[in-house]
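Both ligands and their constituent atoms are indexed starting at 1 by order of listing. Side chains are part of it too, since the values below use all heavy atoms of this structure and drop only hydrogens, waters and symmetry mates.
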Amino acid sequence: MKDVIIACDFSSKQQTLSFLDRFEDCKPFVKIGMELFYACGPEIVREIKARGHKIFLDLKLHDIPNTVKKAMHVLSELDVDMCNVHAAGTIEMMKAALEGLTRPDGTRPLLVAVTQLTSTSEERMQKDLLINATIGETIAHYARNAQEAGLDGVVCSPLEATLVKNACGKSFMTITPGIRFKDAAKDDQVRITDPAGARELGTDFIVVGRPITAAEDPVAAYKRCVKDFLG
Ligand code: C5P
C-alpha cells in the first residue's frame, strides 16, 4: 500500500471543506493535524470521513502510558485509518497506545510512531535534546522500539526510509513528510526530498502539506505528487 497523504493544516472547517471540494474527481488520503483538530474537534474527522476520504489523525500523542491508552481509546471510536504517537514516549507508552486503540472486536487503525521530526537537524537534536548519537542511529533505535511495541511503522524523513527498512524489515511502514518539489522553498523543513526521490528511497506514504495546500493549483500539485511518487 503506497499513497500520497495531503496534510490539511487549516484552522477552520470552511477552509478545509472548500479546499477538499476542489478535488472533484479523486478522494485523496488526508492528514488532520493538531491545528484543525483543536480548532474543529472530532466533528471535522467525521465529516471528512463521510465524504469518503481516508484519514491519518496526526495528533502525536506523548504522555504517561495510562493517559495515552485512555486517549487512544477515545480516538478508536472515530473511524480513522491511521494515528500516531511519539516514539520518545518509550516502548511502554507505545504498547499502551496500541492497547487503547484496539477495539473490542480486535480491529484498529494503523498506529505509527514519530521518530525525530523532519524539522529537527542532527545538531539541534544533539544540543537541545542531549542525544549523544547520530540522527540515523536515533531513528533506527526508535523504529526498533516501535516495532517491539507492536506498531505498524514510523514517521521519518524519506532520507531515512532505507535505514528504517534495513533495521525493521520491508513490511514495517514508513510515512514520510519533508517533501518538497525540487524548484520550491524548504520552509521550516530540514531533512527533505522530492516525490520522485521519495519513491526511489522506497517509502510507503508521503505526507505533503504546503507544496499542495499553498499551491496556486492544489489539484495539479497533488496530481504531480501522485505521478512522481506512484508512477
Ligand atoms: O507543509 P509540510 O509539507 O511541511 O507539512 C508536513 C506535515 O507533516 C505537517 O502537518 C507536519 O506537522 C507533519 N510532520 C512533519 N514531520 C514529522 C511528523 C509530521 O513535518 N516528523
task: Any ring-ring contact (aromatic ring centres under 6.0 Å, His included) involving residues 211-231? Give me the pairs, sequence neighbours left out, ordered by first then second residue.
output: F23-Y222
Does ligand 1 have any N/O pairs with the protein under 3.5 Å, and how far apart?
| from | atom 1 | to | atom 2 | distance (Å) |
| --- | --- | --- | --- | --- |
| ligand 1 | 1 (O) | R210 | N | 2.7 |
| ligand 1 | 1 (O) | R210 | NE | 2.7 |
| ligand 1 | 3 (O) | R180 | NH1 | 3.0 |
| ligand 1 | 3 (O) | G209 | N | 2.8 |
| ligand 1 | 4 (O) | R180 | NH2 | 2.7 |
| ligand 1 | 4 (O) | Q189 | NE2 | 2.8 |
| ligand 1 | 4 (O) | R210 | NH2 | 2.8 |
| ligand 1 | 10 (O) | D9 | OD1 | 3.3 |
| ligand 1 | 10 (O) | D9 | OD2 | 2.7 |
| ligand 1 | 10 (O) | K31 | NZ | 2.7 |
| ligand 1 | 16 (N) | T118 | OG1 | 2.8 |
| ligand 1 | 20 (O) | T118 | OG1 | 3.2 |
| ligand 1 | 20 (O) | Q189 | NE2 | 2.9 |
| ligand 1 | 21 (N) | T118 | N | 3.3 |

query: Is D217 salt-bridged to K223, going by a charged N under 4.0 Å from an acidic O?
result: no
- request: Please lay out, stage by stage, how T203 and T176 fare under the test side chain to side chain donor-acceptor pair (under 3.5 Å).
  value: CA-CA 7 Å; T203 194; T176 56; 3.1 Å; yes
- prompt: K54: what forms a side chain to side chain donor-acceptor pair (under 3.5 Å) with it, not counting sequence neighbours?
  reply: none
- prompt: Given the side-chain rings of F19 and F10, with only the six-membered ring counted for Trp, is the space between their centroids under 6.0 Å?
  reply: yes
task: Write out all pairs satisfying salt bridge (charged side-chain N to carboxylate O under 4.0 Å, His left out) with one or both partners inside residues 131-156, taking only residues at least two apart or from two chains.
output: R108-D152
